Protein chains: 2
Amino acid sequence: MSVTFRDVKADLLDRIARGALRPGSLLPNETDLAARYGCARATVNRAMRELAEEGIVERRRRAGTRVRMAPVRQARFAIPLVREEIEAQGAQYRHDLLCRELLAAPDWLAGRLELAPGAEVLHLVCLHRADGMPYQHEDRWINLAAVPEARGADFAATGPNEWLVARLPFSSVEISLSAVAADRALAGTLGCAEGDALFRAERRTWLRGAAITLVRLTWRRGHRMTTRY
Amino acid sequence: MSVTFRDVKADLLDRIARGALRPGSLLPNETDLAARYGCARATVNRAMRELAEEGIVERRRRAGTRVRMAPVRQARFAIPLVREEIEAQGAQYRHDLLCRELLAAPDWLAGRLELAPGAEVLHLVCLHRADGMPYQHEDRWINLAAVPEARGADFAATGPNEWLVARLPFSSVEISLSAVAADRALAGTLGCAEGDALFRAERRTWLRGAAITLVRLTWRRGHRMTTRY
DNA sequence: TAGTGGTCTAGACCACTGA
DNA sequence: CAGTGGTCTAGACCACTAC
């Protein structure tokens, strides 16, 4: 059996974890490591490239590869469809369409999505339920110039998120996580007290430079977004 | 100039964005694509592998490569050191050590970190400031059995986070994001009202199976964690 | 300017798994 | 059981940049 890039990566990680390779120290170059491990340079390259992507080491041409002083802790969080998130918990999924209105984009929205003044948008509010209990509040604005088919879509049958995701590719996304205090409307819908701290994700999506949608997802009290690595 | 994996990746992404490759559709196999692009199969492989890592396509042996029905199931967030986060905003960093106590792990903590009953831990509370204003509250517990040197460390000079990160390699981390209501202590420290919604990250860290530390980072009101892709 | 990583190539073998 | 992706190899050229 030949030496795989996983072997190399695991060994390097182990050396780092055991302290044999300390933060800031220089690793041998790819050619030397390949010789030491008895594999091709490409194999070492892939191992080290992945370690660099994960923020464990830092690579620079000519300067070589070093163990990072402060490993860049970057976490990957899964952003599942609400339906899947709920069903994964073994609960029954259901959603209600609370609001559907066609209007000219308010100024704040036009600003956030770089829309022409007065652009027509579709505003949808949706409540996603787990076993009948409020789970997530979805407040969405769709740029109708970019997605004209949304005008006639039946969002009572399929939630706006799933509808968009199944229909449109994407090109660029921005996600912003924060904590918000429940206002009266949110509190009423999600069944919590006004002022309660709620977890929110705001997502803006573009397709080839044109804004498609802005959505604010607010989870019920106590929601956590977790990841391990 | 030869065809690079970036060229291939960009072209595939473009086809997906333009709708030529719709969600769920099957892409040609690597050999065919290599022929079409006039490059080696390894080049196509790298392009498609990266698209798969990014959640754009889904690859299965024998079944081939498909455009994902629900793209982008994951987002990467950077978890920088507070100091860097603050300095990146052009503000002056400073921190105060508010509490330092040595004690036996309370039950809830022993449970969370899988510690032996009565294990000795170091409890630290630290306030990180940006231009003098409260920015982030750090509430940390360190397992002294795993990190005995922490007993004598000067956390007034270097914050606990930076101290640990510079000294210890990593092996396993769990991060959990949530929204919490400010209790009296947090409100006082961060200079907000009691009950205000605050963004929190809780992180547990292990080194080769042994729990090192549990930390709760709570940001000042209005903090957002943002990522783009 | 020399040494490092970045990438491509052409060929090969293999593991997996869906038709 | 045949076709797909997964990976390794050996060699090559090149871009970048620290020295």
Side-chain angles (χ1 to χ4, degrees), chain A residues 1-16 21-69 71-72 74 76, chain B residues 1-16 20-71 73-74 76:
Chain A
M1 186 61 186
S2 60
V3 174
T4 73
F5 78 92
R6 286 171 208 283
D7 296 334
V8 175
K9 191 175 166 185
D11 185 66
L12 290 175
L13 261 178
D14 192 60
R15 282 170 193 271
I16 293 172
L21 293 171
R22 308 210 138 269
S25 65
L26 188 64
L27 276 66
N29 68 37
E30 296 189 347
T31 309
D32 290 351
L33 280 178
R36 181 189 304 181
Y37 286 115
C39 65
R41 181 166 78 97
T43 303
V44 172
N45 178 274
R46 174 143 185 211
M48 301 233 277
R49 178 156 38 82
E50 292 199 356
L51 289 176
E53 273 169 16
E54 290 162 24
I56 314 291
V57 303
E58 191 171 8
R59 318 195 74 193
R60 267 150 63 212
R61 288 173 146 112
R62 167 83 208 199
T65 301
R66 292 181 176 280
V67 179
R68 285 198 101 108
M69 297 297 286
V72 170
Q74 48 186 353
R76 284 178 123 143
Chain B
M1 185 61 186
S2 60
V3 174
T4 72
F5 78 91
R6 287 171 206 283
D7 296 335
V8 175
K9 192 175 166 186
D11 185 67
L12 290 174
L13 261 178
D14 192 60
R15 282 171 193 268
I16 293 171
L21 293 171
R22 307 208 138 273
S25 64
L26 187 65
L27 276 67
N29 68 36
E30 296 188 347
T31 310
D32 291 352
L33 280 179
R36 182 189 303 180
Y37 287 116
C39 66
R41 182 165 79 95
T43 303
V44 172
N45 178 275
R46 171 141 187 213
M48 302 233 277
R49 177 157 38 85
E50 291 199 356
L51 289 177
E53 271 168 17
E54 290 163 23
I56 315 289
V57 303
E58 191 171 6
R59 318 195 75 191
R60 267 150 59 211
R61 288 174 146 115
R62 167 83 202 189
T65 302
R66 292 180 178 280
V67 179
R68 282 199 105 108
M69 296 299 288
R73 319 176 80 96
Q74 54 190 4
R76 282 181 118 140

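None of the values given here were measured: they were computed from a predicted structure. Throughout, a chain's letter reflects where its sequence line sits, starting with A, and its residues are numbered from 1. What's counted below: heavy atoms across the whole structure, side chains too, no hydrogens, waters or symmetry copies.
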Q: Heavy atoms only: give me the nearest A:Val8-A:Ala47 pair and the separation to one decimal.
A: CG1-CB, 3.6 Å

Q) Looking at A:Tyr37 and A:Val3, what are the two nearest heavy atoms and their distance? A) O-CG2, 3.3 Å

**Q.** pair B:Leu12-B:Leu51: side-chain heavy atoms closer than 4.5 Å
**A.** yes

**Q.** Sequence-distant partners of B:Asp7, salt bridge (charged side-chain N to carboxylate O under 4.0 Å, His left out), two or more places apart
**A.** none

Pairs of donor and acceptor atoms involving the side chains of residues 23-32 of chain A, under 3.5 Å and at least two apart or interchain, shall be tabulated with distances.
from, atom 1, to, atom 2, distance (Å)
A:Ser25, OG, A:Arg22, N, 3.3
A:Ser25, OG, A:Arg22, O, 2.6
A:Asn29, OD1, A:Thr31, N, 3.1
A:Asn29, OD1, A:Asp32, N, 2.8
A:Glu30, OE1, A:Arg41, NH1, 2.6
A:Glu30, OE2, A:Asn45, ND2, 2.8
A:Glu30, OE2, A:Arg59, NH1, 3.1
A:Glu30, OE2, A:Arg59, NH2, 2.7

(Q) Are the side chains of A:Ile16 and A:Ile56 in contact, using a 4.5 Å heavy-atom criterion? (A) yes

Q. Under a 4.0 Å heavy-atom cut-off, which of residues 24-33 of chain B touch DNA chain C?
A. none

**Q.** Toward the 5' end of DNA chain D, by each residue's nearest nucleotide, A:Arg62 or A:Arg6
**A.** A:Arg6

Q: Using chain A heavy atoms and a threshold of under 4.0 Å, write down where along DNA chain D the contacts begin and end, 5' to 3'.
A: D:dT7 to D:dC19

(Q) Need one value for A:Ala42: base, sugar-phosphate or nothing, where a base atom within 4.0 Å counts as base even if backbone is also close, heavy atoms only. (A) base

Q) Base, sugar-phosphate alone, or nothing: which one does A:Arg41 contact when heavy atoms must sit under 4.0 Å apart? A) base

(Q) Once salt bridge (charged side-chain N to carboxylate O under 4.0 Å, His left out) is applied, do any residues pair with B:Glu50, and if so which ones, sequence neighbours excluded? (A) B:Lys9, B:Arg46

**Q.** salt bridge (charged side-chain N to carboxylate O under 4.0 Å, His left out) partners of B:Arg15, counting only residues at least two apart
**A.** B:Asp11

